[in-house]
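Starting from 1, each residue takes its place in the sequence as its number.
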Amino acid sequence: MASPSSYMAVVTMALLILFLGSSTAQLSTNYYAQSCPKLFPTVKSAVKSAIAKEARMGASLLRLFFHDCFVNGCDGSVLLDDTSSFIGEKNAAPNANSVRGFDVVDDIKSKVEKACPGVVSCADVLAIAARDSVVVLGGPRWNVKLGRRDARTASQAAANNSIPPPTSNLNQLVSRFQALGLSTRDLVALAGSHTIGQARCTSFRARIYNETNIDNSFAKTRQSNCPRASGSGDNNLAPLDLQTPTAFENNYYKNLIKKKGLLHSDQQLFNGGSTDSIVRKYSNSRSNFNADFVAGMIKMGDISPLTGSNGEIRKNCRRVN
């Protein structure tokens, strides 16, 4: 017969497992089926309109979701403006003069509020907008798990410490993703989001002037719009994917094999290390990339959501109620 202490250990472990699984268990793909039946077409229409006005916006919305989930979970905290009680994430080093699309999120949220007031969280609006951005730009579709609630605070310090900078090496990238429950395969697949969007000169200057694992003609092309001197042309933009910066496909990986990764952290994925084989796989198969990207996005969307009575449903994504 089991001793009382061993019985209690089993009970404690069972409760711990129940607790750890409870947050994501409350997310579901049909969470708003009854309470907001027009949610998906409302968001999709607004995202399509925003991308029609500026094709880059799809990448910006997708990146907002990444930067939200990597800092204390997918809780809409990246959308909060600073207040007298906290300094938010918008002006953290990885975000300042970089993350964008807040006005588009405001527009989507206002349309959702008209359809079903006080029902859908900003965190969920952002999750759906990220998915729709990928779809509109030609990428795969997936069913988004929903039921997140919104954070009542945000942390600039957490953002500074949580989002991998473009100077990261492979070990740092793997470590940061693993800390969030994401595998090395997830890392390489989710990095494929760089098949769309733009980066600022300040993010890739050191790579195009100082690194050797870079195609020479590619480096010269990028140098033409990114001066060597710091402070000169810092905000000049270059496409993360040279060929098709507004089409979601697998050219990103083909570029890495040719040593045409724009960011240091990009090229780290194909630099004689453990992830080379995954990059080759995705470069040869768009369907394999799509499948693993979808799996990675769903896993990332499960990071530490606020559910139940935690958090709130913000009326305005920029401020707490």
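The OG atom of Ser98 lies 3.0 Å from the CZ atom of Arg63; values are rounded to the nearest 0.5 Å. Leu173 CG to Asp266 CG: the interatomic distance, rounded to the nearest 0.5 Å, is 9.0 Å. With rounding to the nearest 0.5 angstrom, the CZ atom of Phe86 is 12.0 Å from the CZ atom of Arg152. Note that CG of Leu126 and SG of Cys74 are 8.5 Å apart. Values are rounded to the nearest 0.5 Å.
Outside the 6.0 Å centre-distance limit, the rings of Phe65 and Phe70 are not counted as a close aromatic pair.
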- Task: Report the C-alpha separation of Asp215 and Lys258 in whole Å, then their side-chain angles, then the decisive distance to 0.1 Å, and conclude whether the side-chain contact (heavy atoms from CB on, under 4.5 Å) test is met.
- Result: CA-CA 7 Å; Asp215 178 84; Lys258 297 174 184 174; 5.9 Å; no
- Applying side chain to side chain donor-acceptor pair (under 3.5 Å), run through Thr244 and Asp241 and close with a yes or a no. CA-CA 6 Å; Thr244 51; Asp241 172 359; 3.0 Å; yes
- Message: For a salt bridge (charged side-chain N to carboxylate O under 4.0 Å, His left out) check, start with the C-alpha distance between Arg100 and Glu54, then their side-chain angles and the critical distance, and finish with the verdict.
- Response: CA-CA 12 Å; Arg100 57 198 297 277; Glu54 184 195 11; 2.8 Å; yes
- Message: Would Glu211 and His264 count as a side-chain contact (heavy atoms from CB on, under 4.5 Å) here? Give the steps.
- Response: CA-CA 9 Å; Glu211 297 186 10; His264 174 83; 2.6 Å; yes
- Item | Test ring pair (Phe, Tyr, Trp, His ring centres under 6.0 Å) applied to Phe248 and Phe289, step by step | CA-CA 11 Å; Phe248 195 97; Phe289 162 51; 5.7 Å; yes
- Determine, step by step, whether Phe66 and Leu190 satisfy the side-chain contact (heavy atoms from CB on, under 4.5 Å) criterion, reporting the C-alpha distance in whole Å, the side-chain angles of both residues, the deciding distance to 0.1 Å, and the verdict. CA-CA 9 Å; Phe66 272 78; Leu190 291 172; 3.8 Å; yes
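In this structure, Lys145 fails the cation-pi test against Tyr31, since its NZ or CZ atom is not both closer than 6.0 Å to the six-membered ring centre and inside 45 degrees of the ring normal.
Electrostatic pairing of Glu249 and Lys254 does not count as a salt bridge here, judged by no charged N lying under 4.0 Å from a carboxylate O. Ion pairing between a basic and an acidic side chain is recognised when a charged N comes within 4.0 Å of a carboxylate O; Asp234 and Arg205 show such pairing. With respect to Asp150 and Lys315, no salt bridge is recorded, no charged nitrogen being found less than 4.0 Å from a carboxylate O. Between Asp81 and Arg318 there is a salt bridge, since at least one side-chain N of the basic residue sits less than 4.0 Å from a carboxylate O of the acidic one. Using a 4.0 Å cut-off between charged side-chain N and carboxylate O, Asp276 and Arg280 make no salt bridge.
At distances below 3.5 Å, not a single donor-acceptor pair connects side-chain atoms of Gln172 with backbone N or O atoms of Pro164. Between the side chain of Tyr253 and the backbone N or O of Ala189, at least one donor-acceptor pair lies under 3.5 Å. Looking only at distances, no side-chain donor or acceptor of Arg185 sits under 3.5 Å from a matching main-chain atom of Ile278. Side-chain atoms of Ser49 do not come within 3.5 Å of backbone N or O of Ser45 as any donor-acceptor pair. Asp68 places no side-chain N or O within donor-acceptor distance of the main-chain N or O of Leu64, the cut-off being under 3.5 Å. Here the side chain of Arg148 pairs a donor or acceptor atom with the backbone of Gly301 at under 3.5 angstrom.
Note: the hydrophobic cluster containing Val135 does not contain Met300 (ILVMFWY, side chain heavy atoms under 4.5 Å, direct or indirect links). In the hydrophobic clustering of this structure, Leu170 does not group with Leu262; members are Ile, Leu, Val, Met, Phe, Trp, Tyr whose side-chain heavy atoms approach within less than 4.5 Å, directly or through other members.
In terms of heavy atoms, Ala130 sits closest to Met297 at CB-CE, 4.5 Å. Here the shortest heavy-atom pairing between Pro94 and Asn160 reads CD-OD1, 3.5 Å.
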